[in-house]
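Beneath this line is the structure, given in structure tokens, with notes to follow.
What you are looking at is a predicted structure, and each value in this text was computed from that prediction instead of being measured. As a basis for the values below, the full set of heavy atoms in this structure was taken, side chains included, without hydrogen atoms, waters or symmetry mates.
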Amino acid sequence: MDLRYEAYCFADRLFYDVQSQDETGRDDFSHLLPPLPEGWTQADRNIWRHLHPNGVVLPKQGWKIHVSATVLNAGEVLRAAHAYLTERRIPFKYLRTHSIVLARNSKYAPREGSGKLITIYPADETELERTLTELSEILRGQAGAYILSDLRYGTGPLFVRYGGFVEQWLEMDGKRVLAIEGPDGALVPDQRKPVFWVPDWVKVPAFLEEHLAARRAGGQDGFPYRVLRSLHFSNGGGVYQATRKSDDRQVVLKEARPHAGLDRENVDAVARLHREHDILTRLAGVHGVPEVFERFTAWEHEFMAMSEVPGRPLGQWLGVNYPLTHHEVTDEAVTAYTERALKLVAEVERIVDEVHGRGVVFCDLHPLNVLVDDDDRVSLIDFELAFPVEEDRKPTLGSPGFQAPPDRSGFEIDEHALAALRLYLFLPLNAVIELAPVKLRSHVDFIRRRFDLPDEYCAGILDGLARRVDPPTGPATTSLDGPGPDLPVVLKMIAAGVLASATPHRTDRLFPGDVEQFETGGATFGHGAAGVLHALDTAGQGRFPDHERWLLDSVRRDPPKEPGFFTGAHGVAHVLENFGHRDLAGEIVGSYAAMLPDTEDHSLGAGLAGIGLNLLHFASTRGEETYLARAVELGERLDAALADVEPPGDKARAGLEHGWSGPALLFLRLFEHTGDRRWLESGVTALERDLAETMIALDGSTQVRDGNFRTLPYIGIGSAGIALVLNEFRLVDPDLPVVGRLPELVSGTTGEFVVQPALMLGRSGLLATLVHTGGPRHAIDRHVAGLAWHAVPYQDGLAFPGIQLRRLSMDLNTGGAGVLAALSTLVNGTPVLPFLTAPALPGR
């Protein structure tokens with residue numbers, strides 16, 4: 001799970017967003033602080049407020065101080081630190097609002113950032129020592145979560161780590177990571193992990209040695225368990241498999257960090273661990289519930305030991321057994337699965353009934369907390385939210401799609417989750433229902449028909465999930481529902497939804513999209529305005545001068561951070577060139593040329609392949625040989641890198657956006673431009689590199705391997721991305737032996753169920769791949785019908801959930817613009833992405 005998404009769900013009910021820059025009132029810390037003294041500059045950047053004294057020049061990197069605080073004392077800590085730092089003219093930044101502090105310390109916030117309220121930038125080690133010494137006295141007694149990436153100074157809320165003071169970026173494994181300079185001036189990753197780390201060439205200052213020794217010694221002596229491996233991490237702590245030293249008994253240890261893993265009522269992980277210990281003691285003897293042994297304190301954290309429960313989470317069980325993910329599925333397989341799933345539901349209901357019989361509300365029933373063993377025996381785990389029914393609590397945490405609404409209390413909370421589980425086992429898209437409750441009936445109607453479920457079973461889902469207060473409003477069906485939808489009308493509806501979401505008054509983004517837009521910028525091709533405007537235009541939905549003006553202003557005001565096609569300057573330049581803004585497009589391409597020698601990323605998404613393809617595009621639109629020469633130069637670099645490429649690792653990279661299929665496409669286009677057949681041969685070699693990452697999936701299709709068990713069929717990372725490029729080779733030279741692999745790749749794109757509607761990592765990409773490769777019409781129609789599961793009425797149009805299905809997205813990679821591009825491929829015969837050939841549609 002990418003934990004970044006949780007933090008972007010606090011600000012808006014429908015879209016991933018940062019906490020609003022326009023927040024006013026008691027939530028913003030500014031009302032607690034005096035005006036800045038003369039000679040200071042203040043600027044808000046994302047969730048941080050930066051304060052810098054004029055004339056103070058900092059080094060690029062060094063030892064920085066972090067100040068921790070809780071939600072309750074954050075204002076007091078900030079006032080004291082603000083007074084000290086402004087008086088001494090030391091640069092710093094702080095989180096802007098109380099809401100952001102809560103979000104950054106919540107259970108599923110990233111652990112490496114948890115606890116940080118203030119970051120201080122001392123000019124040198126002398127100022128570092130003085131600031132730590134003096135500020136520790138000022139903040140003595142103040143509480144705060146332990147900052148896992150740092151070294152604690154003493155016992156108070158001050159922590160230190162060595163890292164960058166200014167943003168510098170390095171490409172690692174196809175991604176941009178923050179960097180610092182090594183002793184030779186070369187960039188190396190600025191490691192921001194939940195563990196204290198110091199670069200090899202950096203010496204820990206002498207005055208910090210005693211604190212480092214305390215960290216190393218803390219909690220190790222006398223710890224009664226031997227940890228074997230970690231099972232799960234959250235911001236609240238870890239879950240570990242361990243053995244008890246006294247008798248070698250194997251147990252599960254649950255860890256709780258003070259002041260971390262907060263829920264909406266500011267309850268931390270330690271309080272929940274105490275509650276879970278009490279509840280498990282009360283449930284002793286219930287079959288399917290872990291046995292609790294002891295609770296103890298070690299170092300600064302709380303631990304609880306309990307019996308190990310066999311099995312794997314229900315979501316993993318579903319991934320192996322759910323029949324609709326297979327490219328071909330028989331009625332017999334559907335019937336057999338239905339029988340197993342109904343038995344699992346009955347077993348979960350039995351355990352919940354026994355828990356209720358002890359007077360306990362489980363309050364956190366969801367697929368990760370249901371374990372299924374090899375014999376389909378069921379257990380429930382994670383009782384940290386459970387409570388005695390007489391306490392009449394409300395859920396303060398929960399899994400999307402399973403957490404009960406405010407109108408439920410007592411045992412009704414679990415009955416709601418049971419109804420959600422009954423739906424999940426047959427159509428695991430519960431997050432869509434939470435985002436858009438109007439979709440409930442159509443989802444239930446589908447599982448009734450597809451799995452031949454009893455009417456009373458489906459009625460129980462509807463009754464259990466129906467909202468009694470504030471029932472859902474809006475149309476229950478969309479233009480995608482029903483047989484044979486009018487696709488040109490659907491295109492117009494999606495375009496209407498995208499345009500209705502525009503926020504031209506904002507400078508950070510024009511269209512709401514994936515959380516990545518807050519990293520790469522709101523103008524980019526993959527997650528920003530450029531890709532959305534490209535999709536609207538190529539799908540025949542029009543040009544929008546006001547939105548183009550926003551894109552132009554954005555690029556001039558805040559140029560892209562990197563040169564890549566999906567993530568930076570070249571994607572924006574591509575769209576501006578096609579829209580006739582040739583002067584600015586040329587300036588952009590020229591201004592990023594100096595960055596290319598430092599670019600080692602081979603990919604189409606962020607690296608040399610996408611840049612080279614765009615240079616070829618400019619060579620075609622402008623007829624200038626210099627662009628072709630530069631593309632050839634990049635091709636030569638990629639060809640040389642291909643000769644030394646490492647063998648496939650455990651983590652999947654193969655596919656169109658991130659794998660060697662992107663360079664293969666560049667090599668193919670260089671062959672077409674130059675006639676030099678060596679480029680064609682290099683392209684085949686690059687494709688074979690991506691094909692080396694494939695394996696036979698559970699359904700017999702060929703997909704990209706991701707780890708030991710999971711396989712991926714998608715465009716961005718997956719077999720569909722390889723298939724799209726392999727199809728381009730087929731069009732140029734159908735006799736190439738590698739072209740014979742195309743049918744097995746296409747077979748992986750035909751499954752009935754796909755979790756996300758996205759272009760790069762979902763159904764829309766599979767649909768577009770089938771159209772481009774001439775795949776079976778019944779599979780294409782099935783994907784069109786499947787898009788209705790995700791289609792959400794928005795304003796007077798349609799919208800689609802983005803990654804993780806928590807919020808709507810309008811961008812090309814993850815949202816509505818990508819769905820629009822894929823359906824336009826089917827309706828209008830347009831290439832789903834730049835640099836691909838238009839598909840040959842039947843009858844055209």
Sort and list the pairs that fulfil ring-ring contact (aromatic ring centres under 6.0 Å, His included) and have at least one residue in residues 794-831, not counting sequence neighbours.
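Qualifying pairs, neighbours excluded: Phe15-Tyr794.
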Looking at [atom1] of [X] and [atom2] of [Y], how far apart are the two atoms once the value is rounded to the nearest 0.5 Å?
X      : Y      : atom1 : atom2 : answer
Thr524 : Asn813 : OG1   : CG    : 8.0 Å
Ile461 : Leu440 : CD1   : CG    : 8.0 Å
Leu418 : Tyr424 : CG    : OH    : 15.0 Å

Distance-only, no hydrogens or angles: does the [X] side chain make a donor-acceptor pair with backbone N or O of [Y] under 3.5 Å?
X      : Y      : value
Tyr16  : Ile803 : yes
Thr773 : Thr769 : yes
Thr825 : Thr830 : yes
Asp17  : Ala11  : no
Arg807 : Tyr8   : no
Glu657 : Ile715 : no
Glu434 : Gly401 : yes
His366 : Ala417 : no
Arg509 : Thr503 : no
Arg782 : Thr750 : yes

Assess Arg669 against Phe835: is NZ or CZ under 6.0 Å from the centre of the six-membered ring, and within 45 degrees of the ring's axis?
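Output no; distance or angle outside limits.
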Parallel under 30°, tilted from 30 to 60°, perpendicular over 60°: which one fits the rings of His534 and Phe525?
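Rings of His534 and Phe525: tilted, as their planes differ by 30° to 60°.
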For the pair His547 and Phe544, name the ring-plane relationship: parallel under 30°, tilted 30 to 60°, perpendicular over 60°.
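The arrangement is tilted - the two ring planes meet at 30° to 60°.
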Output, in order, the C-alpha distance, side-chain angles, deciding distance and verdict of side chain to side chain contact (heavy atoms under 4.5 Å, CB included) for His443 and Ile433.
CA-CA 9 Å; His443 284 205; Ile433 304 300; 3.5 Å; yes
Check His570, His574, His617 against Phe565 for a ring pair (Phe, Tyr, Trp, His ring centres under 6.0 Å) and give me the one that passes.
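That would be His574; it is the only one of His570, His574, His617 passing the ring pair (Phe, Tyr, Trp, His ring centres under 6.0 Å) with Phe565.
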Could you tell me whether the side chains of His772 and Asn727 share a donor-acceptor contact shorter than 3.5 Å?
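No, no side-chain donor-acceptor contact under 3.5 Å.
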With distance as the sole criterion, is a donor-acceptor pair present between the side chains of Asp508 and Gln517 under 3.5 Å?
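Side-chain D/A pair, Asp508 to Gln517: absent.
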ring-ring contact (aromatic ring centres under 6.0 Å, His included), that's the test. Do Phe446 and Phe426 meet it? Break it down for me.
CA-CA 9 Å; Phe446 169 78; Phe426 295 98; over 10 Å; no
